[in-house]
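I have placed the structure first, in the form of structure tokens, so that the comments after it can refer back to it.
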Amino acid sequence: MNVDIGNALDGDLGLAREDLDALDDRVADAHERIERGRADAEHGYAALNLPDTCDPAPIREAAAGFDPDHLLTVGIGGSALGAATLTDALGSRVDCRYLDNVDPVWVESILADVDLSATVVNVVSRSGTTAETLSNFLVVREAMERAGVDWTERTVVTTGESGNLRAMADQHDLPALDVPDGVPGRFSALSTVGLFAAELAGVDLDALLAGAAAEADRLAGSLFESPAYAYGATTYALAERGAVTNAVMPYAESLERFAEWFAQLWAESLGKDGGGQTPARALGATDQHSQLQLYRAGPADKLVTLVRPRESDDLAIPETDLEGLSYLGGSSLGELLDAEFRATEASLAAAGRENVRVELDRVDAHGVGELLYGMEAACVLYGELAGVSTFTQPAVEWGKKAARGLLGGGEFAEADAVSEKRRLEVE
Ligand SMILES: O=P(O)(O)OC[C@H]1O[C@](O)(CO)[C@@H](O)[C@@H]1O
């Protein structure tokens with residue numbers, strides 16, 4: 001991936017080149033820390049070793065023998081977003097559906113929409129205890145039984161070494177993939193968690209991991225030598241100066257889910273101790289016509305991350321004699337999108353609004369491997385500079401306990417607190 005931080009400098013938030021020069025010493029220290037963590041395969045840092053440690057063979061083996069029309073991935077958060085980002089970005093020879101929510105109407109509609117006898121189910125949960133995933137799987141399993149389909153013949157489990165799912169896989173002798181040790185969900189796209197769906201979809205896993213490895217090779221003791229660290233350090237430095245929001249705006253429909261994946265990575269990793277940077281998901285050029293007004297003329301409290309492939313297939317715009325439109329005729333949608341990208345970037349800069357350009361050569365396996373790995377490494381660096389524990393997410397537990405208590409799954413003070421809600425209803 002290529003990162004251009006030029007437009008992050010000398011804007012409303014006042015980040016100057018000298019500030020990055022000064023920060024670079026801390027980047028060198030952080031890089032040393034990260035490399036130590038990788039060398040010792042420490043929890044979290046081990047995720048940055050996946051280009052070397054992830055073996056596609058068991059993934060290919062688990063996928064072999066299946067030739068489904070549909071793949072139903074039952075998982076949530078990092079147990080769905082990585083796979084979804086890969087198959088959305090790189091396309092699929094299988095109809096991929098991600099059951100990553102428990103909206104009954106929506107779940108019912110998906111089950112009604114797929115032929116369960118031609119469906120493979122990948123139930124994915126690192127902990128093996130996530131209520132949404134386990135509930136959805138029970139619903140899917142029952143739907144398969146009602147359809148006369150042997151779910152044990154069509155289910156692959158991806159989970160940790162213990163937990164409900166591991167027990168079920170052992171009990172029913174289901175094919176099971178191991179979630180690698182030390183890899184938090186949001187950093188697991190380039191592991192068994194994201195790659196089973198990618199393999200069934202026909203994604204070139206070797207090219208994907210090679211792209212990630214190329215980005216790993218670019219990690220260095222200076223932000224001016226490593227695109228990932230340039231992004232991580234610059235977003236951190238801008239956050240320190242008031243950029244509390246990071247609007248991620250890919251200029252490719254195939255990368256829309258990437259913005260959702262990035263949102264979990266950035267929010268769950270860095271949202272700690274009262275700090276962090278709120279990821280906002282946008283899409284170029286579409287959100288030029290919905291969000292850009294705010295990004296240019298709203299509070300100077302954000303940066304915009306503009307993401308795009310440098311090369312892409314194109315589509316010609318026919319010649320036209322429609323009044324005022326002839327300038328478009330004979331051009332192409334790709335040229336229009338390029339002009340929109342550069343114009344939006346310049347319009348933000350002209351308004352003093354910081355923005356960063358992130359480019360990959362193409363939206364292909366190698367390019368997406370670079371991008372995901374690069375953003376993971378950027379996040380780890382940001383976490384080091386901010387001094388937060390990047391690889392935990394303790395704040396999500398309160399709500400889980402409350403929900404579990406409300407459903408009779410145990411005594412939790414959090415559940416009691418739910419009934420103490422302040423009320424001021426207006427009807
Ligand atoms: O893979 P699991 O254990 O089901 O967790 C799913 C997701 O839930 C979280 O733990 C947050 O609740 C995420 O960190 C994780 O990606």
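Remember, it's 1-based here, ligands and their atoms both numbered in the order they're listed.
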* Identity and distance of the protein heavy atom lying nearest atom 7 (C) of ligand 1 -> I76 O, 3.6 Å

* Check: Y231 ring centroid to Y382 ring centroid under 6.0 Å -> no

* Do the ring planes of F262 and F258 sit parallel (below 30°), tilted (30 to 60°) or perpendicular (above 60°)? -> tilted

* To do: Would you kindly check if the NZ (Lys) or CZ (Arg) of R308 is within the cone defined by 45 degrees around the ring axis of F341 and under 6.0 Å from the six-membered ring centre?
  => yes

* To do: Determine, using heavy atoms of K400 and all atoms of ligand 1, whether some pair is separated by less than 4.0 Å.
  => yes

* Report the C-alpha separation of D24 and S222 in whole Å, then their side-chain angles, then the decisive distance to 0.1 Å, and conclude whether the side chain to side chain donor-acceptor pair (under 3.5 Å) test is met. => CA-CA 6 Å; D24 208 28; S222 166; 2.7 Å; yes

* **Enumerated ligand 1 atoms positioned under 4.0 Å from heavy atoms of S127** => 2 (P), 3 (O), 4 (O)

* Backbone N/O of L48 and side chain of R38: donor-acceptor pair under 3.5 Å -> yes

* To do: Go through ligand 1 atom by atom and flag the ones less than 4.0 Å from a non-hydrogen atom of S79.
  => 1 (O), 2 (P)

* **Shortest heavy-atom approach to atom 15 (C) of ligand 1 - which of Q264, E132, R126** => Q264

* To do: Output yes when the distance from some N or O of ligand 1 to some N or O of G78 is under 3.5 Å, and no in every other case.
  => yes

* Salt bridge present between R33 and E42 (N-O < 4.0 angstrom) -> yes

* Structure fact -> The closest protein heavy-atom partner of atom 14 (O) of ligand 1 is E268 OE1, 2.7 Å

* To do: Could you tell me which atoms of ligand 1, counted from 1 in the order shown, lie closer than 4.0 angstrom to a heavy atom of Q393?
  => 14 (O)

* Residue pair S389, T392: steps toward the side chain to side chain donor-acceptor pair (under 3.5 Å) verdict -> CA-CA 6 Å; S389 113; T392 60; 2.6 Å; yes

* To do: Compute the shortest N/O to N/O distance between T133 and ligand 1 and return yes if it is under 3.5 Å, no if not.
  => no

* Asked: Starting from atom 5 (O) of ligand 1, which protein heavy atom do you reach first, and at what distance in Å?
  -> T130 OG1, 3.5 Å

